[in-house]
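As the structure is a prediction and not an experimental result, all values here were calculated from the model. Per chain, numbering begins at 1; letters A, B, ... match sequence-line order.
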Amino acid sequence: MPELPEVETIRRDLDREFAGKKVKAVQITGARSVRRGTHDDLTARLVGRSFKTVKRRGKYVVVVLDSGEWLVVHLRMSGQLLKAAAKAPRPKHTHVVIEFTHGIQLRFVDPRTFGEAFVVDPARLADEAPDVAELGWDPLEDPLPWVDFARLVLGRRVQLKALLTDQKVIAGLGNIYSDEALHAAGLRYDRLANTLTVQEVRRLFRAIIEIVHEAVQARGSSLADEQYVDIYGKPGAYQDQHQVYAREGRACPRCRATLQRTKWGGRSTFFCPACQI
DNA sequence: CGATCTACCTGATGGC
DNA sequence: TGCCATCAGGTAGATC
């Protein structure tokens, strides 16, 4: 569920709440949530360590420990990171609990169990976490001359939605924000990347950056099920600014044509059939 | 290289 | 009420 803006919201709050805090104990109850390395190894590399800073790469949360190692968390479809008092009741599907002093916990809750947490030595990232090492351009973190973006786009004969959601090309966009960015740029999801004009590439570049920044401002998107919440359990507000996502049958905010929903790559895709070309 | 499936899971929702 | 199908923010791997 969470894409770049949601993960960035979580990152900022984690950094504010936990930077400098020392891990007292770790409890791992969900078998699937820790699958790179053993449970004992994760525990040993966390206990007694402090959270130094919290960073983000694409949709990965990266906690830099005072040992220099990284605690990496990916929330996949249904993961949540929640700050809670030790005595507060534990939600169902709580798989990992990191205990700090003063009775504060960081909990990893994940009903569908696709998410994961692991500790990695950043010097060995390419070997031990190639998925993290190979991430592409992060539209919030990485300054990128737009001509370099143009090279990324024009060099591929691939449909735009595949390009935007390919984490090795652009890190952090998923189903919601790729649809929103394509609408903002006036481009269809199935347009081939290498057919874009220079002007269209520039519009896409600007649209991606703008959408991501606006969504971070609004603390991300929570859909009807409120699966995404921040570390305090609060939903985001960007869904109120969605122009196309989950708005099929309604008027396009730009041209008033009726927005459509279709299936692309096995997922719902929303677009305006009139002003996205 | 690129497109298309499948699989990994639980839970919410809607039709009958 | 129950039962069944479908859908959900992601990604990796197999196959063509």
Check the pair A/Gln27, A/Arg90 against side-chain hydrogen bond (donor to acceptor under 3.5 Å, both in side chains), reporting the backbone distance first and the verdict last. CA-CA 12 Å; A/Gln27 299 160 38; A/Arg90 254 178 224 194; 2.9 Å; yes
Taking Watson-Crick and G-U wobble pairs with both distances under 3.5 Å, convert DNA chain B into its dot-bracket string, 5' to 3', dots for unpaired and | for cross-strand pairs. .|||||||.|||||||
Under 4.0 Å: is that the gap between some side-chain N or O of A/Lys263 and OP1 or OP2 of C/dT6? no
How is [X] classified with respect to the nucleic acid when contacts are heavy atoms under 4.0 Å: base, sugar-phosphate, or nothing?
X	answer
A/Gln159	sugar-phosphate
A/Glu3	sugar-phosphate
A/Arg35	nothing

Nucleotides 11-13 of chain C: which of its N/O atoms have a protein N/O under 3.5 Å away?
unit_1: C/dT11; atom_1: OP1; unit_2: A/His74; atom_2: NE2; d: 2.9
unit_1: C/dT11; atom_1: OP2; unit_2: A/Lys59; atom_2: NZ; d: 2.7

If you take any heavy atom closer than 4.0 Å to DNA chain C, which residues from residues 231-246 of chain A end up in contact? A/Tyr245
Residues of residues 108-129 of chain A with any non-hydrogen atom less than 4.0 angstrom from an atom of DNA chain C: list those, numerically ordered, please. A/Arg112, A/Phe114
Residue pair [X] / [Y]: nearest heavy atoms and the distance that separates them:
X	Y	value
A/Lys59	A/Leu4	CG-N, 4.2 Å
A/Thr53	A/Asp15	CA-OD1, 3.4 Å
A/Lys161	A/Asn175	NZ-OD1, 2.5 Å
A/Ile176	A/Ser221	CD1-CB, 4.2 Å
A/Leu173	A/Glu3	C-OE1, 3.8 Å
A/Glu116	A/Phe108	N-CZ, 3.9 Å

Taking the nucleotide of DNA chain B with the closest heavy atom to each, which residue, A/Leu192 or A/Asp225, is nearer the 5' end? A/Leu192
Working note: A/Ser78 + A/Arg112, criterion side-chain hydrogen bond (donor to acceptor under 3.5 Å, both in side chains); need CA distance, chi angles, decisive distance, verdict. CA-CA 6 Å; A/Ser78 63; A/Arg112 293 177 73 179; 5.2 Å; no
With the side chain counted from C-beta on, respond yes when [X] and [Y] share a heavy-atom pair under 4.5 Å apart, and no when they do not.
X	Y	value
A/Phe118	A/Val132	yes
A/Arg56	A/Leu140	yes
A/Val153	A/Phe205	no

Output a table of donor-acceptor pairs, distance under 3.5 Å, between side-chain atoms of residues 213-220 of chain A and any protein atom two or more places apart or on a different chain; print 'none' if there are none.
unit_1: A/His213; atom_1: ND1; unit_2: A/Ile209; atom_2: O; d: 2.8
unit_1: A/Arg219; atom_1: NH2; unit_2: A/Asp13; atom_2: OD2; d: 2.4
unit_1: A/Arg219; atom_1: NH2; unit_2: A/Asp230; atom_2: OD2; d: 3.1

Heavy atoms of chain A, cut-off under 4.0 Å: which first and last nucleotide of DNA chain B, 5' to 3', fall inside that, if you could look? B/dG2 to B/dG11
salt_bridge(A/Asp66, A/Lys22) N-O dist < 4.0 Å: no
Between [N] ([atom2]) and [X] ([atom1]): distance, integer Å:
X	N	atom1	atom2	result
A/Ile170	C/dG10	CD1	P	14 Å
A/Asp179	C/dA8	CG	C1'	14 Å
A/Arg32	C/dG10	CZ	P	17 Å

Would you confirm whether A/Glu99, through its side chain, and A/Lys24, through its main-chain N or O, come within 3.5 Å as a donor-acceptor pair? no
Parallel, tilted or perpendicular, as decided by the 30° and 60° cut-offs, for the rings of A/His74 and A/Tyr60: perpendicular
For atom P, what is the distance between C/dT6 and B/dC5, given to the nearest Å? 15 Å
On a whole-Å scale, what distance lies between the P atoms belonging to C/dT11 and B/dG11? 22 Å
Apply side-chain hydrogen bond (donor to acceptor under 3.5 Å, both in side chains) to residues A/Ser268 and A/Arg261 and explain how you reach the verdict. CA-CA 7 Å; A/Ser268 290; A/Arg261 173 193 193 124; 2.9 Å; yes
